[in-house]
Amino acid sequence: QVRLVESGGGLVQAGASLRLSCAASVIGRTFSSLSMGWFRQTPGKEREFVGSIHRDDGRTYFADFVKGRFTISRDNAKNTVDLTMNSLKPDDTAVYYCVGSIWVGVQSPDYWGQGTQVTVSS
């Protein structure tokens, strides 16, 4: 059983930075056994992949629209994963979801957080 809780969302101006955090409560497995990632969703659109950090080698992967602006890091001792967002744009406005997967990638996450709203004003 895995529970994910996001924090850190809010309202910022374009060009600003914001860091989202995800705290995981894990029973029956270790946090380090999970690949973690972030998705986002805007009204009327499908949820889309933002980025991930893999369980085995810690490699990170990002959607093209955030490459060079967003980074992901994890702390396996604290059961947390952070999404640092720089040079934010109004198009980044969305609900951001922390996800976890028992597989190497997060293409089909097994666990989802409740989401946190990020709003970027122009």
Side-chain angles (χ1 to χ4, degrees):
Q1 182 179 358
V2 176
R3 181 169 178 255
L4 304 174
V5 179
E6 303 96 335
S7 61
L11 171 63
V12 296
Q13 291 189 329
S17 297
L18 199 63
R19 186 176 70 183
L20 305 183
S21 293
C22 174
S25 297
V26 183
I27 298 175
R29 60 171 63 247
T30 60
F31 178 73
S32 61
S33 71
L34 299 170
S35 288
M36 302 298 296
W38 293 86
F39 279 64
R40 71 185 188 185
Q41 186 174 28
T42 54
K45 293 187 177 181
E46 297 282 328
R47 288 180 182 178
E48 60 182 359
F49 169 79
V50 174
S52 63
I53 183 165
H54 287 191
R55 65 181 189 189
D56 295 328
D57 54 16
R59 288 187 180 183
T60 57
Y61 298 86
F62 295 94
D64 286 343
F65 54 78
V66 301
K67 279 183 181 177
R69 299 190 297 127
F70 291 12
T71 61
I72 292 178
S73 60
R74 66 188 295 164
D75 186 334
N76 289 335
K78 296 182 179 180
N79 287 12
T80 59
V81 59
D82 290 347
L83 176 68
T84 300
M85 305 182 290
N86 300 312
S87 303
L88 282 163
K89 307 174 182 179
D91 285 348
D92 294 319
T93 296
V95 176
Y96 284 73
Y97 296 90
C98 176
V99 300
S101 172
I102 62 173
W103 308 106
V104 174
V106 299
Q107 293 86 346
S108 297
D110 299 288
Y111 309 103
W112 291 79
Q114 84 286 352
T116 185
Q117 177 70 47
V118 172
T119 303
V120 184
S121 64
S122 58

Can you name the closest pair of heavy atoms from [X] and [Y] and give their distance?
| X | Y | value |
| --- | --- | --- |
| Thr93 | Thr42 | O-CG2, 2.9 Å |
| Ser101 | Gly105 | OG-O, 2.9 Å |
| Gly10 | Leu18 | N-CD2, 4.1 Å |
| Val106 | Ser52 | CG2-CB, 3.5 Å |
| Ser21 | Asp82 | OG-OD1, 2.9 Å |
| Thr80 | Ala23 | CG2-CA, 4.3 Å |

Report yes if the side chains of [X] and [Y] come closer than 4.5 Å at any heavy-atom pair, otherwise no.
| X | Y | value |
| --- | --- | --- |
| Met85 | Val118 | yes |
| Leu4 | Tyr97 | no |
| Glu48 | Arg40 | yes |
| Thr84 | Ser73 | no |

- Where the side chain of Arg3 meets the backbone of Ser25, is there a donor-acceptor pair that is under 3.5 Å apart?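 It does not hold such a pair.
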- Pairs in or reaching into residues 61-93: which pass ring pair (Phe, Tyr, Trp, His ring centres under 6.0 Å), with residues at least two apart or in two chains?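 Qualifying pairs: His54-Tyr61.
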- Task: Please check if Leu83 and Leu88 belong to a single hydrophobic cluster, counting links between Ile, Leu, Val, Met, Phe, Trp and Tyr side chain heavy atoms closer than 4.5 Å.
- Result: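 Linked, Leu83 and Leu88 end up in one cluster.
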- Please answer: with hydrophobic residues joined when any side-chain heavy atoms are less than 4.5 Å apart, are Ile53 and Val50 in the same cluster?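 Same cluster.
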- Query: Would you call Arg59 and Asp57 a salt bridge, using N to O less than 4.0 angstrom?
  - Reply: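 Between Asp57 and Arg59 there is a salt bridge, with a charged N closer than 4.0 Å to a carboxylate O.
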- Message: Tell me whether Asp64 is salt-bridged to Lys67, with the criterion being a basic N under 4.0 Å from an acidic carboxylate O.
- Response: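 Yes.
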Would you mind writing out the side-chain donor-acceptor pairs for residues 107-116 within the sub-3.5 Å range, not counting sequence neighbours?
unit_1: Asp110; atom_1: OD2; unit_2: Ile102; atom_2: N; d: 2.9
unit_1: Gln114; atom_1: NE2; unit_2: Glu6; atom_2: OE1; d: 3.3
unit_1: Thr116; atom_1: OG1; unit_2: Gly9; atom_2: N; d: 3.3

In a table with atom names and distances, give each donor-acceptor pair under 3.5 Å that connects a side chain of residues 26-36 to protein atoms at least two apart or in another chain.
unit_1: Arg29; atom_1: NH1; unit_2: Ser33; atom_2: OG; d: 3.4
unit_1: Thr30; atom_1: OG1; unit_2: Ser32; atom_2: OG; d: 3.2
unit_1: Thr30; atom_1: OG1; unit_2: Ser33; atom_2: N; d: 3.4
unit_1: Ser33; atom_1: OG; unit_2: Thr30; atom_2: O; d: 2.6
unit_1: Ser35; atom_1: OG; unit_2: Arg55; atom_2: N; d: 3.0
unit_1: Ser35; atom_1: OG; unit_2: Trp103; atom_2: O; d: 3.0
unit_1: Ser35; atom_1: OG; unit_2: Val104; atom_2: O; d: 2.5

